Amino acid sequence: MAKLPILQFEEKIIDTVEQNSVVVIIGETGSGKSTQLSQILYRRGYTGSGNVAVTQPRRVAAVSVARRVAQELGVQLGEEVGYAIRFEDRTSEKTRIKYLTDGVLLRESLSNPDLNQYSVIILDEAHERSLNTDILLGLMKRLVKMRASNLKVLITSATLDGSKVSRFFSNCPILTVPGKLFPVEILYSTELPKSYIESSLKTAIDIHVREPEGDVLIFMTGQDDIEKLVVKLEERVQSLEEGSCMDAIILPLHGSLPPELQVRVFSPPPPNCRRFIVATNIAETSLTVDGVVYVIDSGYVKQRQYNPLTGMYSLDVVQISKVQANQRAGRAGRTRPGKCYRLYPSMVYHDDFLDVTVPEIQRSSLAGSVLYLKSLDLPDIDILKFDFLDSPSSESLQDALRQLYLIDAIDENGSITSVGQTMAELPLESSLSRMLMEANECGCLSQALTVAAMLSAETTLLPGRSKSTEKKRKHTPSDLPDGSGWGDHIQLLQIYEQWDQTDYDPDWCKDHGLQVRGMMFVKDVRKQLSQIMQKMARGSLDVRAKERWKESRQDYKNLRKALCAGYASQLAERMIHHNGYRTLGFKSQLVQVHPSSVLRADEDGMLPNYVLYHELVATTRPYMRNVCAVEMSWVVPILKKLENLNINKLSGGSNQVEDRTEEKSSDSPKKSVDVARPPNDAESRIQEARDRFLARKAKR
DNA sequence: GAGCACTGC
């Protein structure tokens with residue numbers, strides 16, 4: 001077996017690490033950085049006083065790389081080499097090299113901020129810029145100053161721009177290790193296509209007819225487009241003259257595909273047969289398909305974004321970055337020289353594409369992260385001045401502070417409260433952590449645990465979207481409990497309680513259109529949460545706990561009250577004459593209850609005056625997803641708190657921020673509630689891009 | 001009367 005490129009750099013790496021606390025290592029795909037760096041340091045005695053930690057953004061990566069390294073060192077997994085991911089810790093006293101997800105390292109840092117069990121911390125795949133990696137980068141900067149004598153930090157990245165990370169760490173050295181990628185020829189379109197599905201189809205067939213063997217990987221934005229293209233490809237391939245070219249297999253690949261269908265891409269094709277894999281960006285980093293020689297890149301991706309001014313999430317089709325385009329192209333060069341067909345002109349790539357993907361920290365709600373950092377209680381850290389590689393906007397940080405204040409996690413001066421301290425220890429969104437704390441006071445903790453666990457698995461819980469959904473639909477809704485009209489949280493509770501009654505029968509899930517894996521995940525989460533809450537719980541944590549009020553009333557009043565405390569920053573008030581709502585908060589939004597909700601209207605057809613919502617999503621319209629009825633008397637004190645909110649004080653008074661709360665909260669709705677959103681799919685986006693491109697070309 | 005990129009504690 002050929003030596004991995006990184007091994008030729010062993011001396012250089014050791015020399016550099018010896019002389020510096022922080023080193024950036026740029027290693028392209030196939031350099032061996034993920035498996036070899038830890039072994040080099042282990043071999044060279046860096047595990048004398050502590051262990052080597054290697055973080056990974058994904059669970060599967062942590063497990064598979066650990067397994068590989070254990071094999072290479074000829075040891076049992078869990079002994080000298082182990083891994084730790086949520087629900088699974090395979091390490092022991094003997095462990096010297098530990099692979100873990102970055103989320104797990106953050107949790108460890110909570111109970112041991114100095115992380116002194118480690119002598120080396122390697123942040124792998126830092127270029128992916130996951131929210132957790134970004135927070136770890138900030139923490140490492142502080143940690144290397146404190147532990148300069150006994151800690152080494154290595155940051156690895158696959159992209160060529162290590163200078164930014166190096167500058168962040170006071171110009172630390174950058175080592176570059178070549179990868180084992182074959183050259184990939186890039187072919188641009190001369191125009192932006194009218195339809196990117198048609199254009200992908202044409203390119204795919206051209207490759208099939210003209211090019212030698214090798215699989216084709218096509219990047220699309222989502223399930224819908226993938227299914228359309230798969231159908232069209234099948235038609236076209238069948239209409240080709242028999243014997244004119246080799247056989248073809250067409251495989252879809254996306255996250256909502258059941259795992260047994262996902263793994264089909266790992267079995268090699270029969271001889272004289274070409275595979276077409278039509279995939280989302282799951283094939284960009286998460287899954288590596290062997291045998292790909294041709295890549296077709298539409299240049300688009302679906303990205304979830306959070307707007308801190310409105311509290312609204314949206315899933316938008318956006319142009320990819322140059323880094324992403326190159327990552328996609330690289331997928332063609334893993335086994336031999338390949339080709340990448342970009343369905344956009346090089347001018348668009350150079351002028352329109354961002355250099356790097358907008359990091360997750362600038363696209364997410366930061367309530368959880370801010371609470372986490374506050375809970376570390378680092379004396380030298382001011383949250384609004386925290387040293388991030390890329391700072392989130394001040395709007396985003398203020399949004400997080402407002403949310404945390406409303407749910408009592410921080411006080412009016414921005415200091416963490418004892419409630420907030422406990423909340424940070426729970427692996428949940430802060431709203432759900434707060435609900436658990438309140439439920440513990442209200443005597444409904446066991447129910448709240450169930451609701452929190454069910455919401456943690458929200459997406460996997462939805463009825464499977466098989467083709468039979470249409471038929472199932474007639475039976476399923478009546479089979480599932482209806483939340484007694486109070487709303488979706490109550491329904492989730494009732495679903496789990498029914499499943500519990502069957503002793504967690506997988507068939508019961510299938511019969512009721514629930515995903516078995518999703519429900520098993522809920523069970524795991526509930527168990528984990530119970531363990532954490534055990535030490536402070538005031539009542540039973542058992543699903544079947546008989547709570548004192550349960551027999552007499554079925555209005556779930558205590559649970560809804562606990563929910564209201566948790567969702568104090570996610571409340572809405574119904575309009576006077578119709579069933580539209582306006583959100584109560586910094587910037588009022590006109591929203592509607594999502595049609596899938598089980599919230600019930602009264603005999604006059606009116607919905608409750610006040611509701612809480614789990615999430616605000618802008619799809620075809622602004623919707624509240626997962627709502628629950630609350631009472632006005634619970635809302636009033638929260639509104640009072642909202643009136644007195646002073647963002648300058650919350651921010652620690654350290655920066656001059658304009659307080660816009662006053663003017664916004666008095667806003668009265670002007671527009672109708674039916675604010676439809678323009679279409680948001682790749683074909684519409686490409687039309688817009690095409691218009692822009694043609695206009696610009698005409699000018700030149 | 002809707003609609004599901006991808007991760008993770």
Side-chain angles (χ1 to χ4, degrees), chain A residues 55-62 84-89 100-111 125 128-136 219-227 253-257 262 279-287 298 300-305 313-318 320 324 357 360 363-364 368-369 371-372 423-430 432-433 452-453 456-466 469-470 473 477 515 521 524-525 528-529 532 579 592-597 615 617-621 623-625 674 676-677 679-682:
Chain A
T55 69
Q56 294 290 324
R58 278 172 294 280
R59 294 163 56 93
V60 275
I85 58 178
R86 189 182 190 178
F87 309 134
E88 210 181 335
D89 185 346
L100 68 180
T101 49
D102 41 24
V104 169
L105 188 62
L106 281 176
R107 290 277 140 204
E108 290 186 354
S109 161
L110 203 53
S111 49
E125 316 289 1
E128 290 190 22
R129 302 294 306 278
S130 75
L131 181 53
N132 286 340
T133 306
D134 269 20
I135 296 195
L136 281 173
F219 283 103
M220 309 292 283
T221 56
Q223 189 180 352
D224 264 12
D225 291 348
I226 288 173
E227 280 165 9
L253 180 62
H254 51 83
S256 36
L257 212 58
Q262 276 189 23
T280 58
N281 59 333
I282 195 170
E284 207 175 277
T285 46
S286 306
L287 292 180
S298 61
Y300 285 89
V301 69
K302 263 188 197 168
Q303 222 173 48
R304 194 173 140 102
Q305 346 233 22
Y313 283 98
S314 58
L315 193 61
D316 303 324
V317 172
V318 298
I320 59 173
Q324 272 178 298
T357 315
E360 203 185 342
R363 294 186 275 120
S364 323
S369 302
L371 180 62
Y372 173 85
M423 284 168 57
E425 284 169 41
L426 290 157
L428 288 171
E429 291 168 45
S430 32
L432 297 176
S433 309
S456 301
E458 196 206 353
T459 48
T460 45
L461 167 76
L462 295 165
R465 333 174 192 134
S466 57
T469 318
E470 220 54 51
R473 170 154 304 180
Q515 287 180 20
F521 176 78
D524 278 341
V525 174
Q528 188 193 15
L529 296 176
I532 299 171
N579 277 336
Q592 285 181 315
V593 173
H594 196 275
S596 66
S597 176
E615 197 177 47
V617 291
T619 50
T620 52
R621 292 202 180 95
Y623 282 120
M624 296 182 283
R625 209 145 57 185
D674 281 318
R677 217 167 158 249
N680 174 39
D681 58 6

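Note that these values count all heavy atoms, side chains included, but never hydrogens, waters or copies made by symmetry. Here the structure is a predicted model, which is why all the values come from computation and not from measurement. Chain letters run A, B, ... following the sequence lines, proteins first, then strands; residues in each count from 1.
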Answer yes or no: does a side-chain N or O of Thr280(A) lie under 4.0 Å from OP1 or OP2 of dC6(B)? yes
Taking the nucleotide of DNA chain B with the nearest heavy atom to each, does Thr221(A) or Glu429(A) sit closer to the 5' end? Thr221(A)
Look at all strands and tell whether Thr101(A) reaches a base, only sugar-phosphate, or nothing, counting heavy atoms closer than 4.0 Å. sugar-phosphate
Among the nucleotides dA2(B), dC4(B), dT7(B), which one has an atom lying closest to any side-chain atom of Arg58(A)? dT7(B)
Would you mind classifying the nucleic acid contact of Asn132(A) as base, sugar-phosphate or nothing, using non-hydrogen atoms under 4.0 angstrom? nothing
Side chain of Arg625(A), heavy atoms from C-beta onward: which of dC4(B), dC9(B), dA5(B) has the nearest atom to it? dC4(B)
Quick one: which of dT7(B), dC9(B), dA2(B) gets closest to the side chain of Pro427(A)? dC9(B)
Looking only at the side chain of Leu315(A) (C-beta and beyond, no hydrogens), which of the listed nucleotides dC4(B), dG8(B), dA2(B) gets closest? dC4(B)
Of the listed dA5(B), dC9(B), dA2(B), the closest approach to the Arg59(A) side chain comes from dC9(B)
Residues which pass salt bridge (Lys or Arg N to Asp or Glu O under 4.0 Å) with Glu360(A), listed by chain and number, not counting sequence neighbours: none
dT7(B) phosphate, OP1 or OP2: any side-chain N/O from Thr285(A) under 4.0 angstrom? no
Tell me, with the steps shown, if Asn132(A) and Ser130(A) meet side chain to side chain donor-acceptor pair (under 3.5 Å). CA-CA 5 Å; Asn132(A) 286 340; Ser130(A) 75; 5.5 Å; no
Walking DNA chain B from its 5' end, the first of Leu253(A) and Ile85(A) to be reached, judged by nearest nucleotide, is Leu253(A)
Presence of Arg107(A) side-chain N/O under 4.0 Å of dG8(B) phosphate oxygens OP1/OP2: no
How long is the span from the CG atom in Asp681(A) to the CG atom in Asp224(A), to the nearest 0.5 Å? 9.0 Å
Could I get the full list of ring pair (Phe, Tyr, Trp, His ring centres under 6.0 Å) partners for Tyr623(A), not counting sequence neighbours? His594(A)
As a test of the definition: with a 90° window around 0 for syn, would you call dC6(B) syn or anti? anti
So which nucleotide from dT7(B), dC9(B), dC4(B) ends up closest to the side chain of Ile282(A)? dT7(B)
Under 4.0 Å between any heavy atoms, over every strand shown, what does Val104(A) touch: base, sugar-phosphate, or nothing? Just pick one. sugar-phosphate
Go through dA2(B), dA5(B), dC9(B) for me and flag the one nearest to the Lys302(A) side chain. dA5(B)
Residue His254(A), side-chain atoms from C-beta onward, closest of dG1(B), dC9(B), dC6(B): dC6(B)
Compare side-chain N and O positions of Arg621(A) against OP1 and OP2 of dA2(B) and report whether any pair is under 4.0 Å apart. yes
Nearest-0.5 Å distance, CZ of residue Arg86(A) to OG1 of residue Thr101(A): 10.0 Å
